[in-house]
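Written out below as structure tokens is the structure these notes cover.
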Amino acid sequence: MIKHENTGRCLKCLQIINLYDGFNTRLKDWFIDLQSRHPEVHTSCAGRGMAEQESLLLKNATRAKWMKSAHNYNAALDLFVVIKGEKSIYPAWWFKEVLTKNLPDWITWYGQPGSKFFELPHVELKDWKVLITRGEIKLVSDIKIMA
Ligand SMILES: [Zn+2]
Ligand SMILES: [Zn+2]
């Protein structure tokens, strides 16, 4: 079992990003660059298949139904940090001071003050719904269903 480590290129994070085929390259490259400069940042969820989305919905851990979340299109990441002496893995100051300085205009962060669906750890491709209609991003193929 691999664990998250502040190495600047965390293998556990890469495993999560590669869990389903075809994670969005632009978002992946952004995260890898951010982590190389801020080794404390990690991801807990990247792509998300149908079975996983529906089980989260049953547990009320998400509001989104299957195909209604950017995670279902390999186009979102949930972030957390591991900082020595910091009890929370979601310290508001980190998101405010570090994340906001590293957010390009093509990423939407749900922790933004006034966010429609407030969710501190969640970042996604801003135009993911447009990218679907253009066929540039595709539904995550659910390895658990196909197996
Ligand atoms: Zn990690
Ligand atoms: Zn999310």
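For clarity, every value in this text was computed on a predicted model and none was experimentally measured. Numbers here simply count residues along the sequence, with the first being 1. One-based numbering, in listed order, for ligands and for the atoms of each.
Taking the six-membered ring for Trp and thresholds of 30 and 60 degrees, Trp128 and Tyr73 have ring planes inclined between 30 and 60 degrees apart. Taking the six-membered ring where the residue is Trp, Phe80 and His4 present perpendicular rings, their angle passing 60° and hence far from 30°.
With the Zn ion (ligand 1) as the vertex, atom SG of Cys13 and atom SG of Cys10 span an angle of 120° (nearest 10 degrees).
Here the side chain of Asp127 pairs no donor or acceptor atom with the backbone of Val130 at under 3.5 angstrom.
With respect to the Zn ion (ligand 1), His4 has ND1 as its nearest N, O or S atom. Nearest to the Zn ion (ligand 1), among the N, O or S atoms that His42 has, is ND1. Restricting His122 to its N/O/S atoms, the shortest distance to the Zn ion (ligand 2) is reached by ND1. Closest to the Zn ion (ligand 2) among the N, O or S atoms of His71 is NE2. Summary: OD1 is the N/O/S atom of Asp78 found nearest to the Zn ion (ligand 2).
Residue Tyr20 forms a side chain to side chain donor-acceptor pair (under 3.5 Å) with just one option from Arg48, Glu52, His71, and that option is Glu52.
Cluster annotation: Trp66 is not connected to Leu58 through the hydrophobic network of ILVMFWY side chains, with a link wherever side-chain heavy atoms come within less than 4.5 Å.
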